[in-house]
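Each chain gets a letter, A, B and so on, in the order its sequence line appears, and its residues count up from 1.
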Protein chains: 2
Amino acid sequence: MAANKPDPRRLISVQSHVVTGYVGNRSATFPLQLLGYETDTVNTTQLSNHTGYGRFGGMRLDAAHLQSVFEGMEKNGLLRYGRMLSGYTPSPTALSVVSDFVKKMRSYNPELVYLLDPVMGDMGRGYYVDKECLPLYQELMSSATIICPNQFEAQQLAGQEITSLQTLKEVIEKLHALGTPNVIITSVVSLPPSDIEKIGAKVDGGMILVGSSADPSNPTHNQPWCIQFPELEDYFVGVGDLFSALMLGFFRNEHMEPSLKSASGSAINTPLAVAAELAVAGVQGVLHRTLGFIEKEQIPDNYDQLDEVEKRVAKARRVELRLVASRNEIEQPQIKFHAKPLP
Amino acid sequence: MAANKPDPRRLISVQSHVVTGYVGNRSATFPLQLLGYETDTVNTTQLSNHTGYGRFGGMRLDAAHLQSVFEGMEKNGLLRYGRMLSGYTPSPTALSVVSDFVKKMRSYNPELVYLLDPVMGDMGRGYYVDKECLPLYQELMSSATIICPNQFEAQQLAGQEITSLQTLKEVIEKLHALGTPNVIITSVVSLPPSDIEKIGAKVDGGMILVGSSADPSNPTHNQPWCIQFPELEDYFVGVGDLFSALMLGFFRNEHMEPSLKSASGSAINTPLAVAAELAVAGVQGVLHRTLGFIEKEQIPDNYDQLDEVEKRVAKARRVELRLVASRNEIEQPQIKFHAKPLP
């Protein structure tokens with residue numbers, strides 16, 4: 001009953017909300033509940049569907065609204081979280097409010113496990129948020145336990161391009177230097193073939209995820225690693241949000257909780273690598289389960305007559321994730337892809 | 001992939017959202033997901049916590065916003081629902097928008113199973129929404145498959161007080177006459193002791209829930225019934241919302257799905273009574289599980305020094321439901337209280 005007293009099983013997620021489909025908080029909430037967290041959600045939007053449809057109803061919720069929600073929670077002693085997750089935030093002002101909120105929470109709980117997904121853009125498209133977010137994210141990194149940028153975001157945060165194994169390691173070092181002990185780069189797409197072979201991965205063998213922990217108290221953990229896993233053909237939305245939720249859900253704070261056992265076959269035994277193997281397996285399981293539904297669904301006869309706008313909508317609708325049907329895959333991921341040390 | 005094509009396992013819930021605790025959509029979503037429904041949520045509020053705290057941040061979302069969300073969904077072919085749930089709606093204009101939305105959905109899916117919880121007030125407090133909602137709810141009842149008013153709401157909708165078994169039956173008839181085939185009155189509190197004994201319940205034996213189905217094609221179902229179950233001492237919020245979600249989740253549409261087996265010991269075998277026995281058992285399970293947490297939680301030393309505002313907040317915070325921890329109770333309710341026919 002005590003006010004603002006942390007409980008390790010309580011988690012708050014600050015992300016977007018869509019009515020239909022699974023991105024942002026919709027991708028994160030059910031999986032985190034299944035993993036046993038009392039998961040509270042602050043929605044930064046309420047849209048009919050994700051923006052990848054090209055057409056949507058609803059709105060973004062502004063910084064003043066978020067501020068009002070956070071203040072209500074603090075006054076009522078509800079900042080009891082052991083964990084926090086944040087993702088897409090609709091504006092630099094909203095991001096400032098989230099940043100202040102994280103610092104407030106850490107003042108109540110120095111052991112807060114905070115996963116920051118610094119959503120800004122991607123390699124194909126560049127920025128899709130206001131560039132003013134970049135310095136705010138860089139500053140927020142000193143409050144984060146884990147960050148999960150993609151390659152584009154990692155490069156922006158570090159101020160350096162990844163063109164080789166060497167520059168990849170330099171980027172990781174720069175990200176750690178900004179104050180985050182655990183770094184995941186969710187997809188590294190620009191390594192030359194010789195470097196891909198050097199890290200024990202296959203050229204054209206799928207996505208490469210890279211992780212690194214900087215633990216001054218346990219230098220055996222300071223070994224970057226990678227996981228390679230197949231890319232699925234269809235283009236799914238919300239997968240990154242699902243991944244970051246599972247990362248946070250499976251990550252064990254060694255100071256406070258028993259570790260999860262690493263899978264047999266794993267060469268790396270850090271809490272970050274164990275969580276990443278489970279999260280990759282969970283995501284792959286959800287994607288395969290979702291594919292099963294898509295294959296059974298008939299494409300309507302009039303598809304070829306649709307204009308480009310309607311074709312885009314029809315495609316987006318078809319490939320929405322099926323999280324409820326994928327429950328077993330989330331709760332009991334079957335690990336097939338293991339972390340390997342980077343040379 | 002076809003637009004607006006109904007899928008019986010897709011469900012939409014239109015209710016309030018709070019960040020912390022479980023009322024409205026927060027009470028409904030996780031349980032309905034556990035029961036296997038792909039559950040989409042339209043939030044009519046985003047508040048830091050429920051209003052019973054006496055203090056909260058955030059806001060209600062207006063009718064224009066809801067309209068924009070619903071239009072986005074329809075244009076994108078996303079009205080694919082087999083089921084719908086609606087509860088607290090913040091204004092008569094918002095309720096009008098929800099009402100139009102229900103009719104639109106029924107035009108895509110005549111078999112839509114729609115549970116309407118006509119949230120207006122309760123016996124102790126009278127109205128806590130604008131009275132203009134009453135005629136709108138009465139009109140909406142012809143689109144509903146099930147309604148779940150409490151006694152206050154049932155009386156307002158029927159335009160008659162419940163003072164006896166006789167008037168209870170008259171109210172039920174009037175509710176059916178407004179066009180809803182399945183009626184639950186969640187708590188009947190004003191029967192005289194002689195009538196309580198007549199229905200096979202105990203005076204001071206707990207809450208009395210009454211149900212009735214009017215099925216012209218199956219007159220054996222037209223038998224009102226009641227379930228009596230113990231009231232728990234602490235005052236929990238969000239229990240009605242949890243109940244209505246479980247009612248909808250456990251209700252089987254006999255035209256489309258195999259029936260759930262009624263529990264051994266049940267005298268009434270209608271889809272409504274079977275669902276009510278399961279929903280009551282689920283709610284009781286959640287309350288007992290939540291009580292276990294409350295009993296372990298220490299009351300802070302300074303409680304007696306708090307002013308009335310802070311005492312109210314501290315109490316509300318303490319008795320929040322624990323839905324994630326109550327997962328087994330939701331998925332496998334243990335039925336202890338059975339439906340009995342009303343004489």
Side chain to side chain contact (heavy atoms under 4.5 Å, CB included) evaluation trace for B/Val324 with A/Leu32: CA-CA 10 Å; B/Val324 169; A/Leu32 286 166; over 6 Å; no
Run the salt bridge (Lys or Arg N to Asp or Glu O under 4.0 Å) test on B/Arg327 and A/Glu331 for me, step by step, so that the C-alpha distance in whole Å, both residues' side-chain angles and the decisive distance to 0.1 Å come before the verdict. CA-CA 14 Å; B/Arg327 180 177 157 159; A/Glu331 294 185 271; 2.7 Å; yes
Which bit of [X] is near chain B, if near means a heavy-atom gap under 4.5 Å: side chain, backbone, both or neither?
X        : answer
A/Phe70  : neither
A/Phe293 : neither
A/Gln33  : both
A/Asn25  : neither
A/Ser13  : neither
A/Leu61  : side chain
A/Val19  : both

Pick one of side chain, backbone, both or neither for [X], based on which atoms fall under 4.5 Å of a heavy atom in chain A.
X        : answer
B/Ile12  : side chain
B/Arg322 : both
B/Ala325 : both

Expected output: side-chain [X] to main-chain [Y] donor-acceptor under 3.5 Å:
X       : Y       : result
A/His17 : B/Thr41 : yes
A/Gln46 : B/Val42 : no
A/Ser68 : B/Gly58 : yes

Can you establish whether the number of heavy atoms outside [X] located under 6.0 Å from its atom [atom1] is more than 12?
X        : atom1 : result
B/Arg106 : CZ    : yes
B/Asp301 : CG    : no
A/Lys103 : NZ    : yes

Are B/Glu38 and A/Tyr22 close enough, and set up right, to give a side chain to side chain contact (heavy atoms under 4.5 Å, CB included), and what steps lead you there? CA-CA 10 Å; B/Glu38 293 281 355; A/Tyr22 295 100; 2.4 Å; yes
Looking at every non-hydrogen atom in both residues, tell me the closest pair between B/Ser48 and A/Val69 and how far apart they are.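 Taking every non-hydrogen atom into account, CB-O, 3.4 Å.
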Exercise: identify the closest heavy-atom pair between B/Arg26 and A/Thr39: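 For B/Arg26 versus A/Thr39, the nearest heavy atoms are NH1-O, 2.7 Å.
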Looking at chain B, which one of A/Met73, A/His65, A/Lys75 has the largest number of heavy-atom pairs inside 4.5 Å, strictly under?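 Looking at each of A/Met73, A/His65, A/Lys75 in turn, A/His65 comes out on top.
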Based on non-hydrogen pairs under 4.5 Å, which of A/Val309, A/Leu66, A/Asn43, A/Thr29 is most in contact with chain B?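 Heavy-atom pair counts peak at A/Asn43.
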Given the options [options], which has more heavy-atom pairs under 4.5 Å with chain A than any of the others?
options                             : answer
B/Arg10, B/Met59, B/Glu310, B/Gln67 : B/Met59
B/Gly57, B/Ala316, B/Ala64, B/Gly36 : B/Gly57
B/Asn302, B/Leu34, B/Leu78          : B/Leu78

How about B/Arg55 and A/Asn76: does a side-chain donor come under 3.5 Å of a side-chain acceptor?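 Yes, because at least one side-chain N or O of B/Arg55 sits under 3.5 Å from a partner of the opposite role on A/Asn76.
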